[in-house]
Amino acid sequence: MEEIHKGTDVLFERLLAARREQVVSLQKKAAGEQADLEARGQGRLAGLKKSLPKDMLTYMEAAEKTESEASASAAKDTEAAAARLASADPTESTALQLVMGNSPAAAAVGWLSPYYGTLHGSDGSVYWQGYNPGTIDASCYANGSGSGIFGTGAGSFSVYMDWWFTFNAPENRNYAQTVYVPFNGFYIVRADDGWFDSKQANVDISLSATGYQYNYKPTGTANVLSVGNDNINVNDRFDGWRTMYYSDLLGADRAYLLVTAKLYVYARGGGSSAVLDFASGNANYLGVPLVYVS
């Protein structure tokens with residue numbers, strides 16, 4: 001591994017810097033869109049209140065006052081669910097072990113472990129980065145507020161975990177790369193949409209893969225979890241290996257593969273909440289992914 005560091009540091013540092021700029025740009029774009037949606041929504045909400053009959057306006061304002069109570073109650077329920085799920089035993093999967101046991105004996109490259117990792121938060125922070133990443137603690141949550149009408153009172157957060165892999169392609173041809181990412185954690189999604197509000201909550205986890213050799217290759221994506229609705233109250237564990245497939249055309253030279261797990265949560269309206277937790281307790285984390293190259 002030390003030889004790889006010495007031979008690729010200059011190029012790899014450029015790749016890391018370019019990726020960091022990309023993530024920061026995604027974060028700024030998302031924050032700007034959220035702020036714009038909130039501002040426009042508040043303007044439309046103010047206009048609606050002006051046009052409502054007095055009795056309906058009184059009802060609406062009274063309903064808005066109860067949102068803080070709903071939020072407090074929902075927060076307690078979310079904390080209780082999180083405590084229960086954090087202490088639950090993860091469900092182990094043997095799928096990867098079976099695959100590894102049946103791997104072709106004459107594989108061109110074989111199994112790869114991560115060369116480098118970076119955990120990005122959507123607040124602009126880098127939570128962790130370094131060579132030879134092990135298990136990673138990652139979590140994100142969002143709480144809604146207000147009525148949620150016209151998209152107001154929404155909260156969202158994204159976490160990006162990047163794993164970089166590198167290998168020497170032995171010949172000029174197309175290479176198949178099967179990505180395995182282990183998850184041990186849980187999710188909570190809660191929203192109670194009513195007659196005079198607009199509430200929603202959802203959580204999503206997606207995987208993506210992008211190759212690089214002389215230039216960037218096309219990106220492949222796969223959604224591995226998507227739970228949400230306007231009326232929902234679910235919580236469950238999310239354990240086991242998730243898989244995606246990727247391929248690119250390479251020459252006989254050093255190649256790179258960027259694998260990213262994106263955790264995204266969204267909640268709108270008082271009492272709405274969304275949680276993805278791969279950090280609480282000793283049994284919850286993002287495990288060390290593997291890539292099989294053939």
Side-chain angles (χ1 to χ4, degrees), residues 1 4 8 11-12 14-23 25-26 93-120 129 131-136 138 158-184 204-226 238-264 278 286-294:
M1 184 63 70
I4 295 177
T8 62
L11 172 59
F12 188 62
R14 293 174 182 170
L15 292 176
L16 282 178
R19 172 57 178 167
R20 183 60 193 153
E21 289 182 5
Q22 181 186 42
V23 172
S25 177
L26 290 171
S93 172
T94 60
L96 184 64
Q97 285 75 9
L98 293 174
V99 170
M100 292 180 72
N102 295 324
S103 299
V109 177
W111 290 99
L112 305 177
S113 57
Y115 169 59
Y116 194 91
T118 305
L119 179 61
H120 312 263
Q129 61 182 342
Y131 289 99
N132 305 317
T135 59
I136 299 294
S158 298
V159 169
Y160 300 84
M161 179 60 210
D162 287 346
W163 293 282
W164 291 87
F165 298 80
T166 184
F167 63 96
N168 286 315
E171 57 184 324
N172 300 340
R173 65 176 178 84
N174 194 71
Y175 287 82
Q177 297 153 67
T178 307
V179 178
Y180 301 88
V181 181
F183 294 87
N184 287 299
D204 290 276
I205 301 177
S206 60
L207 298 177
S208 65
T210 307
Y212 182 90
Q213 188 188 64
Y214 316 131
N215 52 46
Y216 289 101
K217 309 298 182 180
T219 297
T221 60
N223 183 271
V224 297
L225 177 69
S226 182
F238 186 73
D239 298 309
W241 296 85
R242 297 302 188 271
T243 307
M244 72 168 293
Y245 302 94
Y246 183 77
S247 66
D248 54 3
L249 182 63
L250 302 172
D253 202 347
R254 170 73 57 191
Y256 298 87
L257 178 68
L258 169 63
V259 173
T260 299
K262 178 185 177 182
L263 313 181
Y264 172 76
F278 298 90
L286 298 179
V288 179
L290 297 172
V291 173
Y292 189 74
V293 182
S294 60

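Since the structure is predicted, the reported quantities are computational estimates derived from the model, not experimental observations.
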Would you say the side chain of Q213 lies within less than 4.5 Å of the side chain of Y175, judging by non-hydrogen atoms?
no
Decide yes or no for T178 and T243: does some side-chain heavy atom of the first lie under 4.5 Å from some side-chain heavy atom of the second?
yes
Min side-chain heavy-atom separation Y160-L26 under 4.5 Å:
yes
In a check of side-chain hydrogen bond (donor to acceptor under 3.5 Å, both in side chains) between D162 and each of T210, T260, T118, which one passes?
T260
Determine the minimum heavy-atom distance between V179 and V181, stating which atoms define it.
CG1-CG2, 3.9 Å
Option among Y256, F12, F165 that satisfies the ring pair (Phe, Tyr, Trp, His ring centres under 6.0 Å) test with Y115
F12
Write down the atom of P133, the atom of V288, and the distance for their closest heavy-atom approach.
O-CG2, 3.9 Å
Could you grab the distance from atom CZ of F183 to atom CG of D239, nearest 0.5 Å is fine?
11.0 Å
Could you tell me the separation between the CH2 atom of W241 and the OH atom of Y180, rounded to the nearest 0.5 Å?
9.5 Å
Rounding to 0.5 Å, atoms OG1 (T221) and CG (L207) come to a distance of 9.5 Å
Between D204 and S226, which heavy-atom pair has the shortest distance, and what is it?
OD1-OG, 2.8 Å
Correct closest heavy-atom pair for P114 and P289 would be CD-O, 3.3 Å
Test side chain to side chain contact (heavy atoms under 4.5 Å, CB included) on H120 and Q129 and set out the steps.
CA-CA 9 Å; H120 312 263; Q129 61 182 342; over 6 Å; no
Heavy atoms from other residues, nucleotides or ligands near OH of Y216 exceed 12 (cutoff 6.0 Å):
yes
Give the intermediate values and the outcome of side chain to side chain contact (heavy atoms under 4.5 Å, CB included) for residues L15 and Y116.
CA-CA 12 Å; L15 292 176; Y116 194 91; over 6 Å; no
Once you round to the nearest 0.5 Å, how far does CG of D253 lie from CG of N168?
7.5 Å
Test item: N172 side-chain N/O and A252 main-chain N/O as donor-acceptor pair under 3.5 Å:
yes
In the structure I gave you, are the side-chain heavy atoms of W164 and L16 within less than 4.5 Å of one another anywhere?
yes
I want to check something: taking the side chain as every heavy atom from C-beta on, are M244 and V259 in contact at a cut-off of under 4.5 Å?
no
With heavy-atom distances below 4.5 Å as the criterion, would you say the side chains of S247 and N174 are in contact?
yes
Considering only heavy atoms from C-beta outward, does the side chain of V109 approach that of P170 to under 4.5 Å?
yes
State, yes or no, whether a side-chain contact exists between F278 and I205 at a heavy-atom distance under 4.5 Å.
yes
With rounding to the nearest 0.5 angstrom, report the CG to CG distance, L286 to L119.
8.0 Å
State, to 0.1 Å, how close Y246 and K217 come at their nearest heavy-atom pair, and which atoms those are.
OH-CB, 3.3 Å
Show the nearest heavy-atom pair for residues A138 and L263, with the distance to one decimal.
CB-CD1, 4.1 Å
If you round to the nearest 0.5 Å, how far is CH2 of W163 from OG of S113?
13.0 Å
